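Notes to accompany the following structure.
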Amino acid sequence: MLTLVRIQSCLASMPYIYFVANLLTEILPCGVLCIFCIPADIISTVEFNYSGELLATGDKGGRVVIFQREQESKNRPLSRGEYNVYSTFQSHEPEFDYLKSLEIEEKINKIRWLPQQNAAHFLLSTNDKTIKLWKISERDKRAEGYNLKDEDGRLRDPFRITTLRVPVLMPMDLMVEASPRRIFANAHTYHINSISVNSDHETYLSADDLRINLWHLEITDRSFNIVDIKPANMEELTEVITAAECHPHQCNVFVYSSSKGTIRLCDMRAAALCDRHSKFFEEPEDPSSRSFFSEIISSISDVKFSHSGRYMMTRDYLSVKVWDLNMENRPVETYQVHEYLRSKLCSLYENDCIFDKFECCWNGSDSAIMTGSYNNFFRMFDRNTRRDITLEASRENSKPRAMLKPRKVCTGGKRKKDEISVDSLDFNKKILHTAWHPKENVIAVAATNNLYIFQDKIN
Amino acid sequence: MEYKVEAHRIMSISLGKIYNSRVQRGGIKLHKNLLVSLVLRSARQVYLSDYYAGVCLNAQHIEAKEWELMDADREKLIPASEAAQPSSADCGVSEAAQPGQTRTTGGAQLCLKRHVGAEDGRASRLQEKDGDSLDPSDVAVTSPVSPAISETQCGSSDCETDADAAVTEGDSRQPPKDHACSHRKRSAEETGVSETPVKRTKVTPNAIVANNEIEEGEEMDTSNVSNLITIFGSGFSGLLSKDSAKSESETDDSDSGSGQICCEQMLKNLNPWTTAIVAF
């Protein structure tokens, strides 16, 4: 509850709503809806649910904060679609593996929502080792008038009861409860990097560095191992699994990406163990750009299917690539996110930034993609018009009612006004996690411990 | 030259990262360590190819033959070497060299020092054995290949045995060295070097080859660990007391005359070990 109060006070002190002219009318969300500050903890994952009504964030401290969109009302036209804190709970605690003498971080690596089937909401959250299924439900009624206990909850003396009454349900302040319904533990030796709910709504997969397991949502003591790339001799290890996702419509298909820049599509109908892929996506490396760090920057940090299921998008360190599932030898589109960093790879290696795992996301209609960068910049690419824009998620540069300007990084030569030179980028301010509302132009951008929510200009 | 400095710097940084990853919360991250070891390997290849520039083509050709030979030997020994060691990229690797100071992190520096001490004996022995007739190409031949095998069995034990043979003579750790020397011998034969240096390498181990066959097995086991220990410096001090004691004596005995080559040796050793580190 303490956390809840602090977040609310952040909100109270930031009544700003920012607007900016529609620059890319097709895709661009323009105004800052709300900025949430999650004190003390770095946001590690952001995810909208299937309807977009709820937005979940996980942080390094193992907490999950869920925001709910306010219903539009005529009384407060400006608050159309504002997100307010709905629920906060501690999902994972730090644990200790006594056998290996290792501490297991409580940081939430991924959150995935389940499709809503009743009044309650369900989500899966995972840290390095354990996946939990949480039920988030509302309670707005309470039973009053018990016979055996009084209003404080203390037991009554049975001899003093002279009459009997039927307890009645009385309305109460809305309370949102989160309870863990399933705990899927002890199935992963290595660090879990992805979870993905299957389109059958009954199973989901979890992937660690070397293995992918298939679970049934109801069964916690068993999981099927469907991919295992661990070599017999660990010293022959050359690649690890970096991300995995289920196909949005075909419940037998999933993909996983590797640290070598390859993506494998597997069909669970082909075999119980999907070590042999059905499709293998790889773009040949450009030999002229080889360097010490070629392998690191080709490692894929995120893979996402398009909503249509026809395409998938991969993010490596410097670029985003869109692949047609029917074409394996090269991507159909490649977007450079921050090519100006290519000459700085050595320094980025030294300060560990080269290992940052950026995520990427599609908009609801698959016409645009978004990903993060450094200096709190994030980039959006329109696939149809091939236009792109760079925006900054920062309080200092956003005044009330001001325009949110597109930013530009000066890559060389004379620096124009308003441009930022590559050397003055702040590499500690990175946007790794972004999410796009499944239906509308609302985006959530996590900048360290601040969550920014942007929306189309209200007109 | 710039390539070399840059490569060396990157290797030091990589070692520092591997060292620091041990103390990170949440355990060692396999993905990150794998990437770091790949960078380490690339930098090492550039470093070595730069040093032996001009003969790398020759070395690669011979290396290819070496691998076939080594594969056969591998079964006898601890399979600690890498399965695939890309050798083709050596000459082709180009890097926008950024001339800078050679910096080492604390851990890397420490391990450099210890390996300078450890390797000195072997390096100088290699040199004096091979003499002038063995130009750097042959050293290049042996070094990328044989460390993968020989060092994997012996590591610092190997160095120790060399130094022991040089200093004290008749130590019990000859068998690992024997294997190393025999590999060197074979590879020297492959290159068609004159028999004289080969014979010289044979002389010392042969005398003690019969001894301590039993010790061989456990020697190799502990050698892996002890080499890891020396890489990671004082963090493990006292864990394998006799090994670290030997290393200490190494440092005392040797001078840094052929320091550069010793670094070479150490850095060639690194490759199998970093993968061993990654393999947890």
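This one's a predicted model, so the numbers in the text were calculated from it and none came from an experiment. The chains referred to below are lettered A, B, ... by the order of the sequence lines, with proteins before strands, and numbering in each begins at 1.
- For the atom pair B/Leu30 CG and A/Leu237 CG, the distance stands at 5.5 Å (nearest 0.5 Å).
- Among the candidates A/Leu210, A/Val240, A/Asn127, A/Ile104, the residue making the largest number of heavy-atom pairs closer than 4.5 Å to chain B is A/Val240.
- At a 4.5 Å heavy-atom cutoff, A/Ser101 makes no contact with chain B through either its backbone or its side chain.
- Of the atoms belonging to A/Glu239, it is backbone heavy atoms, and not side-chain ones, that fall under 4.5 Å from chain B.
- Minimum heavy-atom separation, A/Cys346 to B/Arg9: SG-NH1, 4.0 Å.
- Within a 6.0 Å radius of OH in A/Tyr98, other residues, nucleotides and ligands contribute 12 heavy atoms or fewer.
- Only the side chain of A/Lys357 comes within contact range of chain B, with at least one heavy atom under 4.5 Å from a heavy atom of that chain.
- By the neighbour-count criterion of 12 heavy atoms within 6.0 Å, atom CG of A/Asp97 is densely surrounded, having more than that number from other residues, nucleotides or ligands.
- Once rounded to the nearest 0.5 Å, the distance linking CZ of A/Phe292 with CE of B/Met11 reads 8.0 Å.
- Between B/Leu34 and A/Thr238, the closest side-chain pair of non-hydrogen atoms is not below 4.5 Å.
- Residue contact with chain B, scored on non-hydrogen atoms closer than 4.5 Å, involves the backbone and the side chain of A/Tyr349 alike.
- Here A/Ile297 contributes atom CD1 and B/Leu35 contributes atom CG; the two are 11.5 Å apart, rounded to the nearest 0.5 Å.
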Kindly determine whether B/Val39 and A/Glu295 satisfy side chain to side chain contact (heavy atoms under 4.5 Å, CB included), including the steps that lead there.
CA-CA 8 Å; B/Val39 170; A/Glu295 282 130 339; 5.6 Å; no
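- Side chain of B/Lys32 to backbone of A/Asp352: no donor-acceptor contact under 3.5 angstrom is found.
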Could you please spell out the steps behind the salt bridge (Lys or Arg N to Asp or Glu O under 4.0 Å) verdict for B/Arg25 and A/Glu106?
CA-CA 10 Å; B/Arg25 196 167 167 250; A/Glu106 67 275 28; 2.7 Å; yes
Yes or no on side chain to side chain contact (heavy atoms under 4.5 Å, CB included) for B/Val36 and A/Ile296, after CA distance, side-chain angles and deciding distance?
CA-CA 8 Å; B/Val36 170; A/Ile296 300 189; 5.8 Å; no
Applying side chain to side chain contact (heavy atoms under 4.5 Å, CB included), run through A/Phe293 and B/Ile10 and close with a yes or a no.
CA-CA 10 Å; A/Phe293 311 106; B/Ile10 289 175; 3.7 Å; yes
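- B/Lys29 forms no cation-pi arrangement with A/Phe355, by the criterion of a distance under 6.0 Å to the ring centre and an angle within 45° of the ring axis.
- Not one N or O on the side chain of B/His31 forms a donor-acceptor pair closer than 3.5 Å with the backbone of A/Ser299.
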